[in-house]
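Let me begin by presenting the structure, written as structure tokens, before commenting on it.
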Amino acid sequence: MKHAVDAKTLVVLGTGGTIAGQADAQTDHVGYSAAQIGVDQLVESVPPLADALDGCRLVTEQVAQIDSKDMSWLVWQQLAQRCAFWLTDPAVQSLVITHGTDTLEETAWFLQSVLQPAKPVVLTCAMRPATALVPDGPQNLLDAVTVALDQRASGVLAVCAGVVHDALRVQKIQSYRLDAFDSGPDGPCGHVEQGRVRWAGKSDSAGHGHVTAGLQAVANAAEPPWVEIVINHQGADGRQVDALVRAGVKGLVAAGTGNGSLHADLEAALLRAQESGVRVVRASRCCQGRVLPTPGDTLPDSNGLSPVKARISLMLALLASDGPADAG
Ligand code: ASP
């Protein structure tokens with residue numbers, strides 16, 4: 001589909017996921033193949049989109065067709081570039097991205113960090129394949145378009161099961177239920193009800209200062225800096241960290257227990273890693289709350305980011321860094 005320069009345009013970028021998935025049986029919600037249906041067909045399967053668009057022109061583009069568990073740096077590079085291309089077009093009002101649920105929060109944080117868009121970029125998804133007796137994808141797509149065209153929307157957002165989340169807070173917390181995402185104790189940005197957005201609070205993503213790489217640095221990097229997550233648990237020791245350092249890891253995120261606490265042996269290995277030049281950041285494996293710094297901390301905390309988002313910020317900080325970088 002082509003867009004006219006004098007029209008307001010909404011662009012839907014397809015990347016795959018369960019929303020584009022197909023199963024052999026209508027009752028099968030787990031044994032399906034993700035990423036089978038093209039974005040054009042997804043859009044066509046939601047006739048009420050015509051009303052929601054309210055005269056806005058719709059453009060679709062298939063950027064990738066993958067299960068988001070396999071999300072790669074290459075797809076992220078392409079997606080960021082296509083988003084930037086459309087966002088700089090004055091005729092484009094907003095973007096919607098169809099995406100798998102598994103790594104949606106990571107893509108949301110990556111795009112927010114790299115693009116920091118003023119226009120809305122709304123990710124949406126589904127927990128059931130398109131072939132389900134009652135699929136959730138069509139309603140999610142319709143809701144995402146409603147949010148994307150709302151005058152108060154901005155930055156990278158996620159819409160699932162009628163709830164609007166910001167890129168900073170969104171987290172998949174459910175492996176099966178349709179309402180699979182949560183924004184933690186600060187709550188969601190809003191809800192979509194009967195084709196209208198009821199805003200509940202502001203997105204925190206834009207104000208979350210951290211060192212990040214721009215689109216050019218991302219585009220130029222054949223591979224991102226190697227950053228791994230190690231988790232604290234009963235009996236955690238430093239062998240994994242030592243092995244990663246020997247193998248050339250550039251950054252480590254420690255998913256600590258509680259307030260980022262670490263087994264003494266794991267902490268000792270992380271300090272050795274830090275002394276050898278590896279960047280280390282401490283997050284919490286708790287799915288809610290954040291690591292609060294205490295005087296004398298020897299490992300910096302993730303400034304409220306979950307381990308997977310702290311990993312992205314650390315990758316981007318390393319990519320950008322020619323001086324000290326703050327992953328949080
Ligand atoms: N594995 C799928 C994906 O992330 C799950 C989903 O979309 O719900 O693409």
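Values below: every heavy atom of this structure, side chains too, minus hydrogens, waters and symmetry copies. Remember, it's 1-based here, ligands and their atoms both numbered in the order they're listed. The first residue in the sequence is number 1, and the count goes up from there. On a predicted model such as this, the values are computed, not experimentally measured, just so you know.
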Among non-hydrogen protein atoms, atom 6 (C) of ligand 1 lies closest to Thr18 OG1, 2.6 Å

Residues Ser68 and Thr103: closest non-hydrogen pair is O-OG1, 2.7 Å

If you scan protein heavy atoms around atom 4 (O) of ligand 1, the nearest is Ser68 OG, 2.5 Å

Lys/Arg N to Asp/Glu carboxylate O, Arg152 vs Asp150, below 4.0 Å:
no

Numbered in order shown, the ligand 1 atoms found under 4.0 Å of a heavy atom of Ala126 are 6 (C), 7 (O), 8 (O)

### Task
Fit a plane to each ring of Trp76 and Phe110, take the angle between them on a 0 to 90° scale, and name the class: parallel (under 30°), tilted (30 to 60°) or perpendicular (over 60°).
parallel

Classify the side-chain pair Asn259/Arg290 by whether it contains a donor and acceptor separated by less than 3.5 Å. no

Result for side-chain hydrogen bond (donor to acceptor under 3.5 Å, both in side chains) between His99 and one of Thr15, Thr124, Thr107 points to Thr107

closest protein heavy atom to atom 3 (C) of ligand 1 is Asp67 OD1, 3.2 Å

message: For ligand 1 and Lys172, I'd like to know whether there is a polar contact (N/O to N/O, distance under 3.5 Å).
response: no

In this structure, atom 8 (O) of ligand 1 is nearest to the protein heavy atom Thr101 OG1, 2.5 Å

His165 side chain to Ser183 side chain, donor-acceptor N/O pair below 3.5 angstrom:
yes

Honestly, for Ala35 the part within reach of ligand 1 (heavy atoms, under 4.0 Å) is neither

